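Since the model is a prediction, treat every value here as computed from it, not as a measurement. Values reported hereafter were calculated over all heavy atoms of this structure, with side chains retained and with hydrogens, waters and symmetry mates removed.
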Amino acid sequence: GCDVPFQYLLTNLVVDAPGAQGAVFVDPEGEAVDFVARRTTPYELKLEGAYHGIFLRRAGQLARLVGAGDLIQVSISGRSMQAMGVVLRAGYYLVLVLEPGAPASVAAAAMRRAAEALNAEIA
């Protein structure tokens, strides 16, 4: 597919989520397919995407192990930032990096919209 929809969808996500510092669309190998960085460097964003992907895979295994079913979304809140990850089709995932105090509920709704749109673009 064309790169334009990904960039467009990620930009919309970052705009729709107050306090968003960046968004990264990651392939099954943990490589950034596309990203939008606002208040974070591309390097930090790609690193966060890769680490969050590992975390999502582990959490997914754990969720299945305890009988919670397939993992949909994971949020991590730290002192200096929060990150939200959503599992997409075919092993892809979407990671949003936010300021510590950003409203998670608004970000989660924006993530759901972005995930639906991205899933439609994944061949």
Side-chain angles (χ1 to χ4, degrees):
C2 175
D3 279 348
V4 177
F6 297 143
Q7 195 71 35
Y8 174 77
L9 294 169
L10 294 174
T11 301
N12 274 358
L13 171 58
V14 169
V15 169
D16 286 351
Q21 294 183 334
V24 59
F25 173 51
V26 187
D27 74 11
E29 278 74 55
E31 291 292 317
V33 176
D34 216 336
F35 64 89
V36 171
R38 188 185 250 178
R39 289 190 205 88
T40 182
T41 69
Y43 174 76
E44 286 172 322
L45 202 57
K46 287 177 181 176
L47 200 64
E48 185 60 38
Y51 277 125
H52 209 86
I54 293 164
F55 183 76
L56 277 170
R57 275 193 293 279
R58 290 276 181 272
Q61 290 164 351
L62 189 63
R64 284 188 292 277
L65 197 67
V66 299
D70 288 333
L71 187 75
I72 298 165
Q73 185 172 318
V74 169
S75 297
I76 305 167
S77 296
R79 233 191 305 273
S80 58
M81 65 158 238
Q82 49 180 330
M84 204 172 271
V86 170
V87 179
L88 302 170
R89 284 176 50 198
Y92 287 83
Y93 47 95
L94 172 63
V95 178
L96 178 66
V97 178
L98 299 146
E99 291 166 4
S105 59
V106 180
M111 281 287 271
R112 276 193 297 277
R113 288 193 298 274
E116 278 177 34
L118 283 166
N119 275 331
E121 294 293 334
I122 296 168

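- Residues Val106 and Asp16 share a closest heavy-atom pair of CG1-O, 3.9 Å.
- In summary, of the residues considered (Val15, Leu94, Val24), a side chain to side chain contact (heavy atoms under 4.5 Å, CB included) with Leu10 occurs for Leu94 alone.
- Taking every heavy atom of both residues into account, Ala107 and Leu98 meet most closely at CB-CD1, 3.8 Å.
- When hydrophobic clusters are built by joining Ile, Leu, Val, Met, Phe, Trp and Tyr residues whose side-chain heavy atoms come closer than 4.5 Å, directly or via intermediates, Tyr51 is not grouped with Val26.
- What you find for Ile54 and Tyr93 is that their closest heavy atoms are N-OH, 4.4 Å.
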Glu44 vs Val97, test: side-chain contact (heavy atoms from CB on, under 4.5 Å). Steps then yes/no. CA-CA 10 Å; Glu44 286 172 322; Val97 178; over 6 Å; no

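- Cluster membership check: Leu65 does not share its hydrophobic cluster with Leu56, using side-chain heavy-atom separations under 4.5 Å among Ile, Leu, Val, Met, Phe, Trp and Tyr.
- One hydrophobic cluster holds both Tyr8 and Ile122 under the rule that ILVMFWY side chains link at heavy-atom gaps under 4.5 Å.
- A donor-acceptor pair under 3.5 Å links the side-chain atoms of Gln82 to the main chain of Ala102, judged by distance alone.
- Smallest separation of non-hydrogen atoms from Ala104 and Met84: O-CE, 3.6 Å.
- Closest approach of Val14 to Gly22, counting heavy atoms only: CG2-C, 4.0 Å.
- Counting only distance, with no hydrogens or angles, the side chain of Asp27 and the backbone of Val33 share no donor-acceptor pair below 3.5 Å.
- Side-chain heavy atoms closer than 4.5 Å link hydrophobic residues (I, L, V, M, F, W, Y) into clusters, and following such links, even through other members, never connects Leu45 to Val36.
- Side-chain atoms of Leu118 and Tyr92, non-hydrogen and from C-beta on, never get closer than 4.5 Å to each other.
- By the salt bridge (charged side-chain N to carboxylate O under 4.0 Å, His left out) test, Arg64 pairs with Asp70, sequence neighbours left out.
- Each of Val86 and Val74 belongs to its own hydrophobic cluster when Ile, Leu, Val, Met, Phe, Trp and Tyr are linked at side-chain heavy-atom distances under 4.5 angstrom.
- Here the side chain of His52 pairs a donor or acceptor atom with the backbone of Gly85 at under 3.5 angstrom.
- Atom-to-atom distance recorded for Phe35:CZ and Lys46:NZ is 4.5 Å, nearest 0.5 angstrom.
- You'll find the side chain of Thr40 stays beyond 4.5 Å of the side chain of Glu48, heavy atoms only.
- In the displayed structure, Leu62 atom CG is contacted under 6.0 Å by more than 12 heavy atoms of other residues, nucleotides or ligands.
- Considering CG of Leu9 and CZ of Arg113, their distance stands at 12.0 Å, rounded to 0.5 Å.
- Surrounding CZ of Arg39 are more than 12 heavy atoms belonging to other residues, nucleotides or ligands, all under 6.0 Å away.
- Closest heavy-atom contact between Pro28 and Ala90: CG-O, 3.3 Å.
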Practice item. Show your reasoning for whether side-chain contact (heavy atoms from CB on, under 4.5 Å) applies to Leu88 and Phe25. Key: CA-CA 10 Å; Leu88 302 170; Phe25 173 51; 3.5 Å; yes

